A.B. asks: 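First the structure, which I've put down as structure tokens, then a few questions once you've had a look.
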Amino acid sequence: MDYDIKEIKLAAKGRLRIEWAANNMPVLQLIKKRFAKEKPLKDIKIAACLHVTTETAVLMDALKTAGARIRLCASNPLSTQDDVAASLVKDFGIETFSIKGEDTRIYYHHINSALDTKPNITMDDGADLVSSIHKNRQDLIPRILGGTEETTTGVIRLRAMQKDKKLPYPIIAVNDASTKHLFDNRYGTGQSTIDGIIRATNKLIAGCAFVVCGYGFCGKGVAMRAQGMGAKVLVVEVDPLRALEATMDGYEVMPIQEAAKIGDIFLTTTGNTSVIRKEHFSRMRDGAIVGNSGHFNVELDIPALEGLSRKKRTIRDFVDEYTLSDGRRIYLLGEGRLINLASAEGHPASVMDMSFANQALSAEYIVKEYRNLEKQVYAVPLHIDEKIARLKLDSMGIKIDKLTPKQEKYLSSWEEGT
Ligand code: ADE
């Protein structure tokens, strides 16, 4: 067995934490049970590039139970839980290549190790597997049936590849399933981002001016939870519809140039680059805290912050203090990497339950349907999305109504009016 992890002795702790997560992932457990009987991924090689967390471990276990042969690497240098990586190797027999804090060279070395198995399916969170295959490993393409993509940023990259006719094989956009982004992006990011900020800083959220850049589902979740904890929330947007939505949701909307002067805590969730730049850092108050929950660490222009500073020191774990030339201090969280995974544990298991149920069922779908798929980005089929919603409701003991025949007829007709 091949692997590269921090320390195998951490496995015992990881195993217990994985058990805790599994207890909170009932939908994935049901899928695993069926997979154990049907073995729908028998001998399918999967390269997975995901945040190496307890929840990911539960997914890996379900895929292995389905018969898959898996190699896992991290989708971010700071998101690996080293005890989980150890337990995946020792207790679950999953070849894992990830170490929290790995540098860029090792990060890509680990991606290549995952690809070395010549996978049939790629499972991405941020599209680094697909883009590495496109750039350096095109020889792998003929064996690949398809891939899945977990996150908004990855789906955007893959759609751009499709537009340029560079997408090497079909992709299922797990992110776009309703049972993924309506819950994971909103409630998952909302809770775990606030959790990450608090664990890193131990700051009181109540009463502070909290600036959320980007009002997609992640931004909505963060704004909602920050407001719930008593912050005054300011939203920064470029999209008029989202800006209007934020306004009517009760937040103050303004350009970052203005918000920069007011905010106590700044959080980016746009998926774009250079959202907070030199001209914004230079207007911030002494003590401003700046973090990111978007997939890549490009949302904050960290080189610009460094250029403005005369001194930098790490004042707490995941908090770097930058002192500007006039003495003002700006605190950067988690080196600008996604703070919910850098200083906290990512989204809670019960929301990842639905996201990873989509991953598991999309992998099964690829194996069944790859002959009918083109080099395109596809939505998760609606029947899978609805099935996951029903299983989740069942697991929560929630029952819903059914249309009567009269209602079904009414909805499918156009003749009835006033
Ligand atoms: N992305 C956000 N939270 C996550 C988690 N807990 N596990 C895997 N990927 C995640």
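Start at 1 with the first residue, then count along the sequence. Hydrogens, waters and symmetry mates play no part in the numbers below; they use all other heavy atoms, side chains included. A quick note: this is a predicted structure, and the numbers were derived from the prediction, not measured. Both ligands and their constituent atoms are indexed starting at 1 by order of listing.
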A.B. asks: Considering non-hydrogen atoms of the protein only, which is the closest contact for atom 3 (N) of ligand 1, and what is the distance?
C.D. replies: His347 N, 2.8 Å

A.B. asks: Is the shortest N/O to N/O distance between Glu55 and ligand 1 below 3.5 Å?
C.D. replies: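 Looking only at distances, the answer is yes, because the N/O contact criterion of under 3.5 Å is met.
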
A.B. asks: Enumerate the atoms of ligand 1 whose separation from the nearest heavy atom of Gly346 is less than 4.0 angstrom.
C.D. replies: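 Answer for ligand 1: 3 (N), 6 (N).
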
A.B. asks: For the residue pair Tyr215 and Tyr251, categorise the inter-ring angle as parallel (less than 30°), tilted (30 to 60°) or perpendicular (more than 60°).
C.D. replies: perpendicular

A.B. asks: Are Asp301 and Ser274 close enough, and set up right, to give a side chain to side chain donor-acceptor pair (under 3.5 Å), and what steps lead you there?
C.D. replies: CA-CA 5 Å; Asp301 187 350; Ser274 308; 4.8 Å; no

A.B. asks: Which ligand 1 atoms are under 4.0 Å away from a heavy-atom of Glu345?
C.D. replies: 6 (N)

A.B. asks: Please compare Thr53, Thr56, Thr151 and report which has the shortest non-hydrogen distance to atom 5 (C) of ligand 1.
C.D. replies: Thr53

A.B. asks: Starting from atom 1 (N) of ligand 1, which protein heavy atom do you reach first, and at what distance in Å?
C.D. replies: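 Here the nearest protein heavy atom works out to His51 CD2, 3.6 Å.
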
A.B. asks: Is a donor from one side chain sitting under 3.5 angstrom from an acceptor on the other, for Asn358 and Thr179?
C.D. replies: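 Judged by distance alone, the side chains do pair up.
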
A.B. asks: Within the side chain of Thr247, is there an N or O that forms a donor-acceptor pair under 3.5 Å with the backbone of Ala243?
C.D. replies: yes

A.B. asks: Could you state the interatomic distance from CD1 (Ile70) to CG (Asp61), rounded to the nearest 0.5 Å?
C.D. replies: 8.5 Å

